[in-house]
Engineer: 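Have a look at this one before I ask anything.
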Amino acid sequence: MKSEPDSYSIDDLERDGTEPWDGIRNYQARNMMRDDMKVGDKVFFYHSSCKQPAIVGLARIASKAYPDATQFDPNSKYHDPKSSPEEPRWVLVDVKFERQLKRPIPLTELKQHPALDDFQLNKRGNRLSIFPVSKQHWDLILSLE
DNA sequence: GCCAACGTTGGC
DNA sequence: GCCAACGTTGGC
């Protein structure tokens with residue numbers, strides 16, 4: 001799962017412990033949270049749009065998908081006037097801090113491994129803020145730590 | 001249903 | 001700040 005450290009970093013998650021992952025307004029990402037994520041699933045926490053884009057920590061899914069309250073709040077930047085509590089359009093999951101990596105694994109380094117060519121972060125135009133990681137990729141990336 | 005315009009993401 | 005990628009919007 002990606003996050004811009006300027007808005008929410010791995011340090012913030014460590015401080016907060018568990019955080020509702022609000023503001024996802026992409027149908028593909030929403031569907032993955034709704035259909036594919038299970039409590040206890042492991043998560044890579046990735047810092048995007050910053051000096052050193054990198055995988056920085058581990059987390060876990062801490063809840064099933066439930067409606068994202070910010071969509072009903074007119075004062076929220078995530079407000080969606082087309083959504084209603086009766087028929088919520090957007091959901092979120094809670095994410096629970098597990099640990100920081102011993103060192104951040106920068107995107108530049110991930111790109112150097114041919115075995116990670118088809119890892120989504122390494123693909124051009126990758127804009128999904130949430131995507132699945134295969135066991136092979138997971139194990140390889142963790143071994144770089 | 002097509003497609004141009006526009007907005008956003010995110011690496012560099 | 002630039003630019004590629006790509007999702008969304010809206011006119012037709």
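So that the names make sense, note that chain A is the first sequence line, chain B the second, and so on, each numbered from 1. The figures here come from the full heavy-atom set of this structure, side chains too, leaving out hydrogens, waters and symmetry mates. Note that the structure is predicted; figures quoted are calculated from it, not measured.
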Engineer: With a 4.5 Å heavy-atom cut-off, do A:N122 and A:D117 have their side chains touching?
Structural biologist: no
Engineer: Looking only at non-hydrogen atoms, find the nearest pair between A:D22 and A:Y78 and report the distance.
Structural biologist: OD1-CE1, 4.0 Å
Engineer: Describe, in one word, how the ring planes of A:W21 and A:F45 are oriented to each other, choosing from parallel (under 30°), tilted (30 to 60°) and perpendicular (over 60°).
Structural biologist: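 A:W21 and A:F45: perpendicular rings.
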Engineer: So if I take residues 67-85 of chain A and measure heavy-atom distances to DNA chain C, which residues fall below 4.0 Å?
Structural biologist: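 Residues of residues 67-85 of chain A that come under 4.0 Å of DNA chain C do not exist, since none gets that close.
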Engineer: Which word best sums up how the rings of A:H137 and A:F119 line up, parallel for under 30°, tilted for 30 to 60°, or perpendicular for over 60°?
Structural biologist: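 Rings of A:H137 and A:F119: perpendicular, as their planes differ by over 60°.
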Engineer: Starting at NZ of A:K123 and ending at C1' of C:dA4, how long is that distance when rounded to a whole Å?
Structural biologist: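 About 17 Å, once rounded to whole Å.
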Engineer: Within the distance-only criterion (no hydrogens, no angle test), does the side chain of A:R25 pair as donor or acceptor with the backbone N or O of A:D80 below 3.5 angstrom?
Structural biologist: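 Checking the backbone N and O of A:D80 against the side chain of A:R25, no donor-acceptor pair under 3.5 Å is found.
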Engineer: A:Q120 has an atom CD; how far is it from atom C1' of C:dC6, in whole Å?
Structural biologist: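 Nearest whole value for this atom pair: 14 Å.
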Engineer: How close or far is atom P of C:dG7 from atom CH2 of A:W90, stated in whole angstroms?
Structural biologist: 13 Å
Engineer: Which residues pass the salt bridge (Lys or Arg N to Asp or Glu O under 4.0 Å) test with A:E145, sequence neighbours left out?
Structural biologist: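 For A:E145 the salt bridge (Lys or Arg N to Asp or Glu O under 4.0 Å) partners, ignoring immediate neighbours, are A:R99, A:K102.
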Engineer: Using a 3.5 Å distance criterion without hydrogens, assess whether the side chain of A:K2 forms a donor-acceptor pair with backbone atoms of A:L128.
Structural biologist: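 Yes, the answer is positive, given that a donor and an acceptor are paired below the 3.5 Å cut-off.
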Engineer: Pick out the pairs of N or O atoms, protein on one side and nucleotides 8-12 of chain B on the other, that lie under 3.5 Å.
Structural biologist:
from: B:dT8; atom 1: O2; to: A:R127; atom 2: NH2; distance (Å): 2.6
from: B:dG10; atom 1: OP1; to: A:K2; atom 2: NZ; distance (Å): 2.7
from: B:dG11; atom 1: OP1; to: A:Y46; atom 2: OH; distance (Å): 2.6
from: B:dG11; atom 1: OP2; to: A:S49; atom 2: N; distance (Å): 2.9

Engineer: Other residues, nucleotides and ligands only: do more than 12 of their heavy atoms fall within 6.0 Å of CZ on A:R124?
Structural biologist: no
